[in-house]
Every structure is written in structure tokens, then in C-alpha cells.
A.B. asks: 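Below is the structure I would like to discuss, written out as C-alpha cells.
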Amino acid sequence: MLSEKMRKLQGEVVCIRDIFEEGKKMAAVYGAENIFNFTIGNPSVDPPKEVIDAFVKYAQMKPYQAVHGYPSNVGYPEVRQRIADYLNRTYGTNYDFTGIFMTVGAGTGITSICNMILDPDDEVITFSPFFWEYKSYVGNFRGKLVTARCNMQTLQPDPVTFEAAFSPRTKLVLMCSPNNPTGAVYTEESLKAIAAIMEKKQKEYGHPIYLISDEPYRLLSYDKPVPYTALYYKNTLTVYSYSKTLSIPGDRIGYVAALPTVDDYDDIKLGMNGSIRWIGLVNAPSLQQMILLDCCESCVDISIYKKTRDILYNGLTSMGYNVIHPDGAFYMFMQALEDDDIAFCEKAKEEKLLFAPGTAFEGPGWVRIAYPVPPEMAERSLPAFGRLYKKYR
Ligand code: PLP
């Protein structure tokens, strides 16, 4: 018997996984090469060689208990030190290893923070369109997710809708850049505007408002570097994941990072330790932590995703589709050719094109194209997009 909460969630979500599974069934009938499945963000580029080498090396390392036993709840000190050193060298920060908390990917990084900070009915602001799972990450702790619409011409946060979303119950802001589902990379100007509004609201309400910077796509940026959020706003909690940058989403490893200057730093350290344990994670997988000693700076070959991005963006816009240029991640947001994006996705299936309706991300009238697919598949899909366009125009 499902709980009321679970039934409600399942009823609400336009299930992207279902569309993906439907694509697999279509592939069995029509042949995989004739189905163009752009529904989910499962990395297609192989992990770097050093990642696989590290798995083999550390799995065999003796004594076995040092790698396969329980580490402390927030992770191995030497791994956290290695990550702190990397961040400090790369972004000019001053992380201490005690401010790095190893997590089971970004999903549980965000969940652990929500568990640590939220009381029932506290509010978390995020920018819409947004990654749908944020609803559960927040709702699990009876928090309320409040959305602030982005500027739909640029897909950057809109300072006006953002400021209007605050209330005295706002405890967290949750942002993602490079963004899922839009592919937008938030500019320095956007980060400065977010920071200024948050500083103002912290003063007004007299309590810290933490900014969760969800960054699983940080290294997947094709045109320009991604500004480091924590340098713009003092109370940033950075959530990172190796799922996409090392192509190991099934291995579930990431971290939360807090600079020593965040408000209530000692409480945050205690809170993260308890939170990871109390939500039942106990600790991030120990072997996956250890491999980071050798490859926490690595990244997959992003030139492949860039190639696919360029084929799709150039091909679709030259046909007449409205796509906002995606600078990062492996998603692009395209305007549907009718108001009803769900109906548009159904029509696309007739051409064996599968992608997710924007409604699934609170972006009605748009669709998300997830493109971690081989460039040649993207190329072959263009005639199908052309036929779809002709049905409407
Ligand atoms: N946040 C965003 C924006 C994502 O797209 C994803 C996964 O797709 C996650 C968090 C969860 O990532 P992880 O696999 O690291 O838990």
C-alpha cells in the first residue's frame, strides 16, 4: 500500500523514465537505429581510463578493511583533503577538508542539506524550469518548493520573479548551473544579482539563507568557464557529483562543500555528519571515495557532447525551431510547435523522436532534448525533426 505522499508524487510527475522505456520497446519493433531517444541524461561517453584503473587498483588494495570497511559518515579525511586542495588550487578558495562531506551523488547531497536545515513548512526557492526531483528532495522533509520563473528568452534567473518568491520561511535557494533541463550556464551577472537579493533578504529576515549550488554538470561547459558560485555568495553550499563528469552515475559518488566563512560553519559540520547518517546513507561508497585520490580532477572527453550539441542546435535552428543556445550540461530547451507540449511530444513519436515535455520541469510549451547520444545518431535524427516541423508549418 503506497503512502499518500508517494501516490501524489507519482500522479504529478510526467514520467520521463516511462517515455524512455517506451523508446526501448519501439526500438525492439522498429530497430534501435530508427529510434531517436532524447529522453534521459544517462552519459554515453566512456569514463576516462584513469577512473577504471583506479577502481581496479583500490578494489585490490590491502588491508581490505581500509577500503571496504566503514569510513566516517562524511568520508575519508585523505579524500576530502584531496578534493579541498583541488578546489583551492582551481578556484582560489580556502576550503578546509573538514568542510567537504562525501555523499552518494548530488541527489543525496541536496537531500542531506534539506534534512539538516528544513523544519516543516520552511520554503526552498528554485528557478523554473527545474529538475523535477527537487520536489521530492524538499518534500521529503515537509519543506515547500517555491519556484521563480527564469527569463524564457535567455533562461537566466529573473531577479524580479526571484525577489518576489521570498518569504520569512525561506531557508534555502536551490540553483543548478550548467542547468538541467535547459543547458543554461548562469552568467556572473546572474550570480551577482542572486547574491545581492539573498544578502538583502537575509538581513530583512534576520536568519541565514543558504544557497545550494547544484553542480553535477560543472565541467560540461562548451563555450566558457562556469563561474564558481561560492565566490559570489558567502552562504553557498556547493553540491558536486562525479556522475556526469566521470560518466559513473551508477557508482553514486559526490560531495557537499562548505567554506569556513559560511554562517554557523561548526553547526553545518555537525549537521552534515548527523544528516548523512540519519537519512540512512551511513556513508558514501568507500571504494568510490578512494578512486578520487587518483581522479578527482578528471573529466570525460566533452568534445563528443559538444559535437552532438552543435549538430542538433545548428540543425534545429536552421529548420526554424526556437532553441535557446545551450552552453553546458547535455540538455537543450526547445519551444514546442503547439501550446500543448505533451501533445507535441506525442506527435514527435510518430517520427520516432522521443523527448520530455517541458511540463515535467514546470516549463510548459517547451520540450527538453537530452543529448548524451552519439553525434552520428543526432545527425541521423535531423530528417525526422524536419518532417515534424513540416506537420506544423
Ligand atoms: N541534480 C541535477 C540537476 C541532475 O540532473 C541530477 C541527475 O541527473 C542530479 C542532481 C542527481 O545526480 P546524482 O546522480 O549525482 O545523484
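Atoms within each ligand, like the ligands themselves, are counted from 1 in listed order.
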A.B. asks: Please check: side-chain N/O of Thr93 versus main-chain N/O of Leu87, any donor-acceptor pairing under 3.5 Å?
C.D. replies: yes

A.B. asks: For Gln202 and Tyr233, does a side-chain donor sit closer than 3.5 Å to a side-chain acceptor?
C.D. replies: yes

A.B. asks: Can a salt bridge be assigned to the pair Lys57 and Asp53 using a cut-off of 4.0 Å between side-chain N and carboxylate O?
C.D. replies: no

A.B. asks: Is there a donor-acceptor pair closer than 3.5 Å between any side-chain N or O of Arg368 and the backbone N or O of Tyr331?
C.D. replies: no

A.B. asks: Charged N to carboxylate O below 4.0 Å: is that the case for Lys349 and Glu22?
C.D. replies: yes

A.B. asks: Just list the N/O pairs, ligand 1 to protein, that are under 3.5 Å apart, with the distance for each.
C.D. replies:
from     : atom 1 : to     : atom 2 : distance (Å)
ligand 1 : 1 (N)  : Asp214 : OD2    : 2.6
ligand 1 : 5 (O)  : Asn180 : ND2    : 2.8
ligand 1 : 5 (O)  : Tyr217 : OH     : 2.6
ligand 1 : 8 (O)  : Tyr217 : OH     : 3.4
ligand 1 : 8 (O)  : Lys244 : NZ     : 2.9
ligand 1 : 14 (O) : Ser243 : OG     : 2.9
ligand 1 : 14 (O) : Arg252 : NH1    : 2.8
ligand 1 : 15 (O) : Ala106 : N      : 2.7
ligand 1 : 15 (O) : Ser241 : OG     : 2.6
ligand 1 : 15 (O) : Ser243 : OG     : 3.1
ligand 1 : 16 (O) : Ala106 : N      : 3.2
ligand 1 : 16 (O) : Gly107 : N      : 2.9
ligand 1 : 16 (O) : Arg252 : NH2    : 2.8

A.B. asks: Could you tell me if Arg309 sits above the aromatic ring of Tyr313, with its cationic atom closer than 6.0 Å to the ring centre and no more than 45 degrees from the axis?
C.D. replies: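 The answer is no; the distance or angle limit is not met.
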
